[in-house]
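Since the structure is predicted, the reported quantities are computational estimates derived from the model, not experimental observations. Residue numbers start from 1 in every chain, and the chains themselves are labelled A, B, ... in the order their sequence lines are given, proteins ahead of strands.
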Amino acid sequence: MPTITLPNGDKKSFDHPVSAYDVAASIGAGLAKAALAAKVDGELKDLSFTIDRDCNLALITASKPGQPTNPEALTLMRHSAAHVMAEAIQDVVGKDVLLAYGPPTETGFFYDMYVPEGKKLSSDLFDQINARMAAIIKEDRKFCRYEVAAVEGLNKLRAEGNKYKMDNAERALGMPSSVYKSSKPVAASSAAPGNQAASLSFYSTGTPGQNWEDLCRGPHVPSTSRIGVAIVTSLASAYWHGDENSDRLIRVYGTAFASQAELDNYLKQKEEAAKRDHRVIGKALRLFHIDETVGQGLILWTPNGSIVRRELQNFIAAELKKQGYTEVFTPHIGGLDLYKTSGHFPYYKDSQFAPIVEREALEKLSAAGCSCAEMINRVEGVSQRLADGINQRTKATTIAADRIKPDDQLIPGFMLKPMNCPHHAKIFGSAPHSYRDMPVRLAEFGTVYRWEQSGELNGMTRVRGFTQDDAHLFCTEEQVPGEIQGCLSLVKIIFATLGMKDYRVRVGLRDPDSNKYTGSAESWDKAEAACIAAAQSLGVAFSKEPGEAAFYGPKIDFVVKDVIGREWQLGTVQVDYQMGNRFDLSYIGADNTPHRPVVIHRAPFGSMERFCGVLIEHFAGAFPTWLSPQQVRVMPISEKTNDYAEKVVAALRAADVRVGLDAGNDRIQAKVKVAADEKIPYMLIVGPRDAESNSVSVRVRGTEKDLGAMPLDAFVAAIKAEIAARKAELGVKP
RNA sequence: GCCGCUGUAGCUCAGUGGUAGAGCGCACCCUUGGUAAGGGUGAGGUCGUGGGUUCAACUCCCAUCAGCGGCUCCA
């Protein structure tokens, strides 16, 4: 006798078990027709799910007319589409393609599969696969769920010879895997007896035993036609369980939408997003260059990109000056001992360039017949004296015994700096400090080098050499909250100036169950509270992330969303209780005794490279005037007005405006096209009419024609004001 | 790092086991034209790099470098 409560509070009672579909039908034929699945007590179920007890029930429909597809419905459709795609691929490529794992994703779905030797699954087959998918969808076969006892199900899968599905089933049953060999231990939760399902569920696309079927938890849409439109989009490789020592599978990506119009819209959006790709725009507008002879992941800033970067640096430097920062410069390399003290080497050596070793020392070792392996040992070793000092100061075994080598065996050397803080710590330590001078804020656009894996490199956003807009604030514990606040206000100014509204903040806090952190619980509490309060005061979305703090202190990360919807981690603010100890830094307090400073690391842009890359995509290359490599293009109508055009250029140049002249013998249409392609903010079209009245015809980027003539002087004054104010929008109007 | 795809003129890309193609850009000439490409002529390439197969390789094979797309937790 189930009594079913609907989302609006209505109750419906039945004197026998009913399916979710029956309930929908009892409400209305239209709803029954539109329903895709049901939510029973908050859990998604097939429409055919039998309800035999009291529950809350919500029916999932694709959408209300004129509204976007409900995300839950879309997920269902895509999960079902993954089945259809798998069937289509087995039809096209062969039944011996083994299916592994096929979930929906944020923008579609994928299915990992094993393609046997000799068979080929390539993008040449996409048309065939798409056609087959469309046919299956048109057949409107029902998704049919059936459950079998665990043993029976496992035997069935074993008979089919699909170890991947066997593994899936065993996991679902909470059994240790009999087929997947991994070095990783089975997660406790999946092995817990309480989690065991008594049976396994299968879905056939049509009649069980006759049509295609798959081990699957479900739920699915009622029948294939309810999927809408589905296509296969791309291929990639993936490992079974993401384990590179395991089988290599082919990951086939696809997507599905309720209607062709929505799919078309998605494809168009993807195309638009691809056009904003900073690598494409960066090449077209000659903003930067990567040369394979120089090296992967190393950015050459060409003149245009250098202007953008220089303007950004000037902007931030001006803000820093207002906030009482002082500028420093440090070299690109530092002695190995420096990084042994800071802890960067050898513990993070995998993400750093190899040390630079002095030639003479190397030659001596080589002459003595020293092997390569031994040479490395001599470079990476730490002297007893250094190790003792560090271990004593950090009150821990920071330098392990196996790293310690006799002094006469060690080779001196340098490292490309992976971070700026050791150099800055040395600057702070180079002079005595009183509490009255605190905080000491050292800022530098410091270039650092890190050895990113080659496959992770990407344009300007993931590189091996980059310049941080770095600073280290050496402060007293009491000053920490105020300094954090200052850092955030800086970030806020930057984002506001650039019109980047879609960002959020992550506050990394310590894991309450771990004791890996340095610094007292009390100072942690204060610093965490300060970070949270500061984040709150920003007025944007923020999340607390326990366990995400660095071992030396809590941190605040800024995550910006770009037009493609990708999130980029840009700036960061980190509190550090450890650095003072490692470098034995101190200041003299009011009590006339030395105290450890707390250090705040912060880089609001993150790096100039990544930030510019994100900015290129953000503006699609159409920078605000103050950032544009060329701010104005002067275009004479014909060579007859070239002289006047020169005069206009001279006037703008005298006002410090970056101006270009297109005095070629092209017609004005061609000049406009070229300037528009180069995304120049202002085109000044000058012909005899303008020359006569000492004016310019102004065409603003993004508009269809010029907005009329204005006196040259007025234009110069207006654009000067716009640049000085670092306006995000183009504002000069005649 | 691993897997797949790609690498031809400054850029975007065709192409074939037998002396290399287009469009754009560039240079020059004609045109002097008022808002998204006026016309002509011409220069420009060791076909990513190194090996191999072949009478002959940009093309086929191997290696290498680089770019692009992917790459962990439970159907």
Side-chain angles (χ1 to χ4, degrees), chain A residues 79 82-83 99-103 110-112 115 120-124 153 157 162 164-175 177 180 182 184-187 189-192 195 197 200-203 214-218 233-253 274 277 279-280 283-284 286 290-297 350 451-459 635-642 664-678 683-690 697-699 703-707 709:
Chain A
H79 184 194
H83 281 224
L99 304 177
Y101 172 44
F110 64 80
Y111 216 124
D112 284 348
V115 178
K120 210 179 161 191
L121 172 54
S122 72
S123 49
D124 304 344
L157 292 168
N162 185 331
Y164 308 108
K165 288 287 172 185
M166 276 288 291
D167 180 63
N168 287 339
E170 285 168 347
R171 281 165 175 265
L173 294 167
M175 297 161 59
S177 177
Y180 173 65
S182 166
K184 290 171 206 156
V186 176
S189 58
S190 67
N195 269 1
L200 290 169
S201 60
F202 290 80
Y203 276 81
D214 192 10
L215 171 76
C216 181
R217 181 171 48 192
T233 53
S234 64
L235 294 176
S237 97
Y239 294 98
W240 192 23
H241 291 284
D243 174 358
E244 68 175 88
N245 298 313
S246 183
D247 299 10
R248 194 176 57 74
L249 305 173
I250 291 185
R251 176 165 295 182
V252 191
Y253 282 89
D277 190 316
R279 292 164 304 190
V280 176
K283 190 176 253 183
R286 302 201 181 279
I290 297 170
D291 189 280
E292 63 175 274
T293 315
V294 173
Q296 336 170 240
D350 289 345
W451 187 262
E452 298 284 351
Q453 293 197 97
S454 63
E456 299 291 347
L457 298 172
N458 180 287
M635 303 183 285
I637 291 289
S638 78
E639 286 170 11
K640 287 175 182 163
T641 32
N642 277 4
N665 61 0
D666 286 323
R667 293 169 62 196
I668 195 67
Q669 286 87 334
K671 294 182 183 181
V672 167
K673 162 91 164 85
V674 169
D677 283 348
E678 290 178 30
M683 302 181 206
L684 299 188
I685 288 127
V686 294
R689 289 206 300 262
D690 308 283
S697 295
V698 183
R699 176 161 168 165
T703 55
E704 293 294 315
K705 57 179 183 182
D706 79 82
L707 300 174

Considering only heavy atoms from C-beta outward, does the side chain of [X] approach that of [Y] to under 4.5 Å?
X: A/F110; Y: A/P103; value: yes
X: A/L684; Y: A/V698; value: yes
X: A/L157; Y: A/L215; value: yes
X: A/N665; Y: A/E639; value: yes
X: A/R689; Y: A/S697; value: no

With rounding to the closest Å, how many angstrom separate the [atom1] atoms on [N] and [M]?
N: B/U19; M: B/U59; atom1: P; value: 15 Å
N: B/G42; M: B/G33; atom1: P; value: 28 Å
N: B/A9; M: B/A43; atom1: C1'; value: 11 Å
N: B/A22; M: B/U32; atom1: P; value: 30 Å
N: B/U16; M: B/U6; atom1: P; value: 14 Å
N: B/U31; M: B/C65; atom1: C1'; value: 49 Å
N: B/C68; M: B/C62; atom1: P; value: 24 Å
N: B/G18; M: B/C60; atom1: C1'; value: 15 Å

(message) Donor-acceptor pair, distance only, cut-off 3.5 Å: does the side chain of A/K671 make one with the backbone of A/I637?
(response) no

Over how many whole Å does the gap from [X] atom [atom1] to [N] atom [atom2] extend?
X: A/M635; N: B/U32; atom1: CE; atom2: C1'; result: 16 Å
X: A/D167; N: B/U72; atom1: CG; atom2: P; result: 17 Å
X: A/E678; N: B/C24; atom1: CD; atom2: P; result: 17 Å
X: A/M166; N: B/A75; atom1: CE; atom2: C1'; result: 13 Å
X: A/D277; N: B/C68; atom1: CG; atom2: C1'; result: 10 Å
X: A/D112; N: B/A75; atom1: CG; atom2: C1'; result: 12 Å
X: A/N458; N: B/A66; atom1: CG; atom2: P; result: 15 Å
X: A/F110; N: B/G69; atom1: CZ; atom2: C1'; result: 15 Å

(message) Can you build the contact string for nucleotides 33-49 of chain B? Use B for base contact, S for sugar-phosphate-only contact, and - for no protein heavy atom under 4.0 Å.
(response) BBBBBB-----------

Considering all heavy atoms of both residues, which atom of [X] and which atom of [Y] are nearest to each other, and what is their separation?
X: A/C216; Y: A/S201; value: O-OG, 2.5 Å
X: A/Y164; Y: A/L99; value: CB-O, 3.7 Å
X: A/T641; Y: A/P636; value: OG1-CB, 3.7 Å

(message) Let's test your reading of the pairing rules: Watson-Crick or G-U wobble, both distances under 3.5 Å, then write RNA chain B as a dot-bracket string with ( ), [ ], | and dots.
(response) (((((((..((((....[..)))).(((((.......))))).....(((((..]....))))))))))))....

(request) Can you figure out which of B/A66, B/G69, B/A75 approaches the side chain of A/R279 most closely? (result)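 Looking only at heavy atoms from C-beta outward on A/R279, the closest nucleotide is B/G69.
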
(message) Let's see if you can work this out: which of B/C71, B/G69, B/G10 has an atom nearest to the side-chain heavy atoms of A/R286?
(response)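 Minimum distance to the A/R286 side chain belongs to B/G10.
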
(request) Would you please name every residue forming a salt bridge (charged side-chain N to carboxylate O under 4.0 Å, His left out) with A/K673, sequence neighbours left out? (result) A/D677

(request) Report yes if a side-chain nitrogen or oxygen of A/Y253 is closer than 4.0 Å to either non-bridging phosphate oxygen (OP1 or OP2) of B/C71; otherwise report no. (result) yes

(message) Taking the nucleotide of RNA chain B with the nearest heavy atom to each, does A/K283 or A/Y111 sit closer to the 5' end?
(response) A/K283

